[in-house]
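Below you'll find the structure, written out as structure tokens, and then a few comments.
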Amino acid sequence: MTDQPNPVPVRTPEALPGTDTPDHRGRTGLDRAGRDLDRNADVVVRDVELTSRGWHVLRRTTFDYRRRDGRWESQQRETYDRGNGAAVLPYDRERGRVLLTRQFRYPAYVNDHPDGMLVEVAAGLLDGDAPLAAVRREAAEELGVTLGPVAHVLDAYMSPGSVTERLHFYAAPYTAADRTGAGGGLASEGEDIEVLEVPFAEALAMTRDGRIVDGKTILLLQWAALDGPFAPKAG
């Protein structure tokens, strides 16, 4: 009797949460993002792998890229997808003040910031809201201020080498009467935010001496000085 080789076991593909079965947030198809992109004829997406599916999503994408000299090469990039966000600078031009926040930021703390306590404009992820609705929500939650008219300033990718987030920037006038709440953020989300009402001249100086090192905040304060409510032409 001739010995027969052992049959090769048939492996059933593992069901991966976030791809073909829901993850802890009920999401599926997270590995599909980017596969249908065709807006750039010099980029052909070949594969998208889901490498982490926490509250936000980390992907590794393989694509072919045609260089300026015409040569094609294969590249890989990891992208962190946390959704888009919005930020707002409330200002009181008559009193020359702006409303800012101070809160602990662990990523800054672990990367050489002295204590991780960053001074920032109010901001947050859209979480399904339109950008304008999001800045009104964040202003109320973080600053305790009810915004009236809100002006769109610009949109920007803040870390385009690895993070997909596009941030929508706004500014809005406020008065003392508009400070209708205590602010401080949502304790249920671990927020413990101090509200700061700062003279604009001091806030601008803080961007120069290192007391303000947050990019979105620096951008909005510079806009306010150059083209916004505290620009020379605005007076």
Pair listing, ring-ring contact (aromatic ring centres under 6.0 Å, His included) test, anchored in residues 46-65, at least two apart: H56-Y80
ring-ring contact (aromatic ring centres under 6.0 Å, His included) contacts touching residues 19-43 (sequence neighbours left out): none
Residues, nucleotides or ligands: over 12 heavy atoms within 6.0 Å of D64 CG: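 Result for CG/D64: enclosed.
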Criterion side chain to side chain contact (heavy atoms under 4.5 Å, CB included) on L16 and D31, from CA distance to verdict: CA-CA 10 Å; L16 298 176; D31 61 324; over 6 Å; no
Which residues share a ring-ring contact (aromatic ring centres under 6.0 Å, His included) with Y170, sequence neighbours left out: H152
Qualifying residues under ring-ring contact (aromatic ring centres under 6.0 Å, His included), relative to Y174, sequence neighbours excluded: none
Going by salt bridge (Lys or Arg N to Asp or Glu O under 4.0 Å), name the residues that satisfy it together with [X], two or more places apart in sequence or in a different chain.
X    : result
D112 : none
E189 : none
R67  : E73

Give a yes or no on whether [X] and [Y] share a hydrophobic cluster (residues Ile, Leu, Val, Met, Phe, Trp, Tyr; joining criterion: side-chain heavy atoms under 4.5 Å apart).
X    : Y    : result
V145 : I193 : no
L220 : L99  : no
V150 : F169 : no
V195 : V198 : no

Side-chain hydrophobic cluster, 4.5 Å single linkage: members besides [X]:
X    : value
W72  : V44
L118 : V213
V110 : F104, Y106, Y109, M117
L30  : L50, V57

For the student: nearest non-hydrogen atoms of A123 and A87, plus distance: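 The answer is CB-CB, 3.7 Å.
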Contact summary for M158 and G215, nearest pair of heavy atoms: CE-C, 4.0 Å
Qualifying residue for side chain to side chain contact (heavy atoms under 4.5 Å, CB included) with F230, from V98, L204, L221: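 Considering V98, L204, L221, a side chain to side chain contact (heavy atoms under 4.5 Å, CB included) with F230 is found only for V98.
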Please list every donor-acceptor pair under 3.5 Å in which a side-chain atom of residues 130-144 meets a protein atom from a residue at least two apart or in another chain.
unit_1 : atom_1 : unit_2 : atom_2 : d
R136   : NH1    : L147   : O      : 2.7
R136   : NH1    : G148   : O      : 2.9
R136   : NH2    : G148   : O      : 2.9
R137   : NH1    : L126   : O      : 3.2
R137   : NH1    : D129   : OD2    : 2.6
R137   : NH2    : L125   : O      : 2.5

Test side chain to side chain contact (heavy atoms under 4.5 Å, CB included) applied to V43 and L37, step by step: CA-CA 9 Å; V43 178; L37 289 176; over 6 Å; no
Pair V121-T101, side chain to side chain contact (heavy atoms under 4.5 Å, CB included): steps then yes or no: CA-CA 6 Å; V121 292; T101 70; over 6 Å; no
Working for side chain to side chain contact (heavy atoms under 4.5 Å, CB included), residues H168 and L154: CA-CA 6 Å; H168 305 273; L154 54 84; over 6 Å; no
L89 side chain reached by V153 side chain, heavy atoms, under 4.5 Å: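 In short, these two side chains do not touch, never coming nearer than 4.5 Å.
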Min side-chain heavy-atom separation D38-V45 under 4.5 Å: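 SC-SC contact between D38 and V45 ruled out.
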Mind checking the [atom1]-[atom2] spacing from [X] to [Y]? Nearest 0.5 Å is all I need.
X    : Y    : atom1 : atom2 : answer
T62  : Q76  : OG1   : CD    : 3.5 Å
D42  : R68  : CG    : CZ    : 11.5 Å
H113 : D115 : NE2   : CG    : 5.5 Å
Q103 : L196 : CD    : CG    : 10.5 Å
T61  : E49  : OG1   : CD    : 8.5 Å
R97  : D92  : CZ    : CG    : 8.5 Å

R25/D23 ion pair, N-O < 4.0 Å: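 No salt bridge links R25 with D23.
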Option among T79, D81, T51 that satisfies the side-chain hydrogen bond (donor to acceptor under 3.5 Å, both in side chains) test with R59: D81
